**Q** 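Following this message is one structure expressed as structure tokens.
Note that this is a predicted model, so its numbers are computed, not measured. A note on names: the letters A, B, ... follow the listed sequences, proteins ahead of strands, and every chain is numbered from 1.
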Amino acid sequence: MKGREVLVNLFEACNSGKSVAQLHSLTLKAGLAHDSFFATKLNALYAKYESLGHARKVFDETPNRTVYLWNATLRSYCRENQWEETLYLFHNMISDSRANDEKPDNFTIPIALKACTRLRALAYGKIVHGFVKKHEKVALDMFVGSALIELYSKCGQMGDALKVFNEFSQPDVFLWTSMVTGYEQNGNPEEALEFFSRMVMVGRVDPDRVTLVSAVSACAQLLNFSLGSCVHGVAIRNGFNSDLSLVNSLLNLYAKTGSVKTAASLFGKMPEKDVISWSSMIACYTHNGAILEALNLFNEMIDRGIEPNSVTVVNALQACAVAGNLEEGKKIHELATRKCFELDITVATALIDMYMKCLAPQEAFELFKRMPKKDVVSWAALLSGYAQNGMAYKSMGVFRNMLSDETQPDAVAMVKLLTACSELGILQQALCLHAYVIKRAFKNNIFVGASLIELYSKCGSIDFANRLFEGIKDKDVVIWSAMIAGYGVHGQGAEALKVFDKMVKHSAVKPNDVTFLSVLSACSHSGLVEEGIKIFNMMVREYQLKPGPEHYGIIVDILGRTGELDKAMEIVECMPNPSAPHVWGALLGACRIHNDTKLGEVAAKSLFLLDPNHAGYYILLSNIYAMDNKWEHVADLRTLIREKGLKKMSGQSVVEARGDIHSFVAGDRRHQDSDQIFGLLGTLEVKMREEGYVPDVDFQQHDMHGGCFTDLKCIKA
DNA sequence: GTAAGTGTTC
């Protein structure tokens, strides 16, 4: 055997960092270090076993570099996610720095394009594309093609991606998949599924696991259960039904489409589960109102020793937030701190949201202050959190601080701000914000538009709301729903039904679950029982929408208010997911109105399990006992509330007078003009009694208002 | 020698 062949065989057998160094010195001794073949081998082995630095040294010391050596080096940088360096090297390669070096080929281009994609360097990517077009040596093969499509779709340029795709008469599975994934990730699920079906029907190409994952995600985006099930069927037929990523995306599909049972059975049958599977299942339970199941699953996961990641923690925190379960929330906070997840801005924001929803605004604020970096989402969570805690006047200040912190609001933050303002009900503020919306060009965002309609409605200006509504040309389902809700909160149920009718009969817009929520709550507020039941049936039968916990809550409320407690209980019992607090809460409220102690106890028992720290439920039950003269039970409950340290949020009222805003809570005497105000109140009461008004004082003495006043604030509008 | 699945404010 000749020396060169011996060396080649030794290279083949090399499997560690140490032997690379030995081979290197052998190569030098043999005088073959400048042989491009060995340089390339050394380069790749150093990158694999030693370091990029060693590999680079070989590269730098080799004269007359072949394209193979270039490609090996580029690929090493690529593998280490060193995208800038990859591109820089590539740039050297094409800009003719060494006349003896070879030029890029079909293997080089996809590497360069991948670096451009990762860096979102669209402009440079176009230069690479130009290079491909100009140099006949580089053909537009499947690899180059799908790398180009990937680049364009990650940069949101699906038009350019399509142009590349159309240059192929027989696209392979990668090209098809790049298109499906591209459309799916650019928020165009319809187009993604169009390509998916063309791929199978016209292209006669079998989808692979990645195609199927993207197709399932597209169905999830569309909330299309039946289409998703079809893709599931295709996956089973193609033998991918136990692919972990695919099943995880299916879990997400069934979660988003409210198919908890399907998701749970899929989850149960999975041969292997990873942290994403567990997180997805927890999120599935949370988003479908099955809070206990969500928290149980999280705890089961911990017990089994499966390490949660930051996403799992966020999902579990959401469950606590929905349930108002501060105790669990704090436990998860501790876990998050132990694992240093608090540094993750998303986790920190989820924690703020949890504390706010658990009525612990102080804790939320402490955490917010500690955050090294804030983004628009964390600011928005704080801002809306104050509004949720009856401190909407603070939201305005938070907004100002956010602007001084050089964080610009996005549409969602704007929606939060408008919603917070609508809690205050100050028309003047509303007009200012409306002007701001126009100035900052949020006017055409449907969610902002809908919030403005809501804002005007809540400020008592239903006319302004209606004018805004009529002025919107392409009314989206969100806009219609907001107007219906606007009439609803005004107690104008008939008007709300009229708008709904107009929407259904004279517009092309189909009502969705939110629309039905608005209509149902309008019916509930105006005592339109029969209409409410009709609408509920319409939602299920005609529009085939699955009612969520909120819908069930309102229908139980509607039935409960009129004393149809049996029917209400029937609904609770046949609900697909019986553990939603809304629903039991509505039933408990109804039991209070109609003095049904027995059923009230059943509802309260469920609520104490679901949401053990919600003061309102204890107070409602205590009121029920009081009406039934069960004073021992009342006393027991009061002790329990004190022991648990629960506080009921006090209702807060705000009035606007001559540009000043005054807020106060029940029994508040801290206003400078208190004496005058209470004097007038007294006069009014006398007048009301003269007119025949009898105040409802049944629960007054048992209410828990005392001792939790919020500060009296006066802020300039 | 290519790609993909779970997350924060509604």
**Q** List the residues meeting side-chain contact (heavy atoms from CB on, under 4.5 Å) with A:V132, not counting sequence neighbours, and say none if there are none.
**A**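 With neighbours one apart ignored, the set is A:I109, A:V138, A:V144.
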
**Q** Just to verify, what does A:N299 make a side-chain contact (heavy atoms from CB on, under 4.5 Å) with, not counting sequence neighbours?
**A**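 Scan of A:N299 (side-chain contact (heavy atoms from CB on, under 4.5 Å), adjacent residues dropped) gives A:E328.
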
**Q** When the distance from CG of A:L351 to P of B:dT9 is rounded to whole Å, what number comes out?
**A**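 Distance check: A:L351 CG to B:dT9 P gives 12 Å.
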
**Q** Would you say A:N252 places a side-chain N or O within less than 4.0 Å of OP1 or OP2 belonging to B:dT6?
**A**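 Checking B:dT6 against A:N252, a side-chain N or O does come within under 4.0 Å of OP1 or OP2.
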
**Q** What is the distance from CD1 of A:I352 to C1' of B:dT8, rounded to the nearest Å?
**A**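 Roughly 9 Å, once rounded to whole Å.
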
**Q** Compare the minimum distances between each of B:dT8, B:dG7, B:dA3 and the side chain of A:V347, then state the nucleotide with the smallest one.
**A**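 Shortest atom-to-atom distance from the side chain points to B:dG7.
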
**Q** Quick one about A:N315 and A:T312 (side-chain donor to acceptor, distance below 3.5 Å, no hydrogens or angles considered), yes or no?
**A**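 On atom types as modelled, these side chains do not qualify, holding no pair under 3.5 Å.
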
**Q** Using a cut-off of less than 4.0 Å, is there contact between a side-chain N or O of A:Q318 and OP1 or OP2 of B:dG7?
**A**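 A:Q318 to B:dG7 OP1/OP2: no side-chain N or O under 4.0 Å.
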
**Q** Could you tell me how far apart A:E307 (CD) and B:dT6 (P) are, to the nearest whole angstrom?
**A**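 It works out to 22 Å between those atoms.
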
**Q** Once you round it to whole Å, what is the distance between P of B:dT8 and CH2 of A:W379?
**A**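 From A:W379 CH2 to B:dT8 P: 21 Å.
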
**Q** Is there a donor and acceptor pair closer than 3.5 Å between the side chain of A:N309 and the base of B:dG7?
**A**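 It does not, because no donor-acceptor pair links the side chain of A:N309 to the base of B:dG7 below 3.5 Å.
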
**Q** For A:S310, answer base if it contacts any base atom (sugar-phosphate contacts may also be present), sugar-phosphate if it contacts only those atoms, and nothing otherwise; contact means non-hydrogen atoms under 4.0 Å.
**A**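 Base, at least one base heavy atom under 4.0 Å.
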
**Q** For B:dT9 and A:K416 - does any side-chain N or O of the residue sit under 4.0 Å from the phosphate oxygens OP1/OP2?
**A**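 No, A:K416 has no side-chain N/O under 4.0 Å of OP1/OP2 on B:dT9.
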
**Q** Taking the six-membered ring for Trp, are the ring centroids of A:W176 and A:F196 within less than 6.0 Å of each other?
**A**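 No.
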
**Q** Output the rounded distance in Å from CD (A:Q388) to C1' (B:dT9).
**A**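 My rounded result for the distance is 9 Å.
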
**Q** Remember a base hit wins even if backbone is also touched, and classify A:T181 as base, sugar-phosphate or nothing at under 4.0 Å, heavy atoms.
**A**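 Sugar-phosphate contact only - A:T181 comes under 4.0 Å of backbone atoms but never of a base.
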
**Q** Are A:N252 and A:S249 close enough that a side-chain donor and a side-chain acceptor fall under 3.5 Å?
**A**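 Per modelled atom types, A:N252 and A:S249 side chains form no pair under 3.5 Å.
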
**Q** For A:K154, is there an ion pair with A:E150 - N to carboxylate O distance below 4.0 angstrom?
**A**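 Salt bridge: yes.
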
**Q** Round to the nearest Å and state the distance from A:D513 atom CG to B:dC10 atom P.
**A**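 Those two atoms, CG and P, are 16 Å apart.
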
**Q** Regarding B:dT2, can its base be found pairing with the side chain of A:S146 as donor and acceptor, where the two atoms are less than 3.5 Å apart?
**A**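 Answer is yes: a donor-acceptor pair is held.
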
**Q** Please report the distance, rounded to the nearest Å, between CH2 in A:W83 and C1' in B:dT2.
**A**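 Computing the A:W83:CH2 to B:dT2:C1' distance gives 11 Å.
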
**Q** Using a heavy-atom cut-off of 4.0 Å across all strands, would you classify A:L113 as base, sugar-phosphate, or nothing?
**A**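 Here A:L113 touches no strand at all.
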
**Q** Please pick, from B:dA3, B:dG7, B:dT9, the nucleotide with the shortest atom-to-atom distance to any side-chain atom of A:K114.
**A**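 In terms of side-chain proximity for A:K114, the closest of B:dA3, B:dG7, B:dT9 is B:dA3.
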
**Q** Check every strand shown and say whether A:K374 touches a base, only sugar-phosphate, or nothing at a heavy-atom separation below 4.0 Å.
**A**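 No contact.
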
**Q** Determine, answering yes or no, if A:F174 is stacked on B:dT2 under the 5.5 Å centre rule and the 30° plane rule.
**A**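 By the stated criterion, A:F174 and B:dT2 stack.
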
**Q** Kindly point out which of B:dG7, B:dT9, B:dA4 is positioned nearest to the side chain of A:D344?
**A**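 Between B:dG7, B:dT9, B:dA4, the one nearest the side chain of A:D344 would be B:dG7.
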
**Q** Rounded to the nearest Å, what distance is computed from the CG atom of residue A:D208 to the C1' atom of nucleotide B:dT2?
**A**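 After rounding, the reported distance stands at 11 Å.
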
**Q** Closest to the A:V314 side chain: B:dG7, B:dT9, B:dA4?
**A**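 It is B:dG7.
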
**Q** Counting any heavy atom closer than 4.0 Å, what does A:R209 reach on the DNA or RNA strands: base, sugar-phosphate only, or nothing?
**A**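 A:R209: base contact, heavy atoms under 4.0 Å.
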
**Q** With sugar-phosphate meaning primed atoms plus P, OP1 and OP2, does A:E454 contact a base, only sugar-phosphate, or nothing at under 4.0 Å between heavy atoms?
**A**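 Since no nucleic acid heavy atom lies under 4.0 Å of A:E454, the category is nothing.
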
**Q** Is there a side-chain contact between A:K273 and the phosphate of B:dT6, meaning an N or O under 4.0 Å from OP1 or OP2?
**A**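 Negative; the distance criterion is not met.
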
**Q** What's A:S279 touching, base or sugar-phosphate or nothing? Going by heavy atoms closer than 4.0 Å.
**A**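 Since a base atom lies under 4.0 Å of A:S279, the category is base.
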
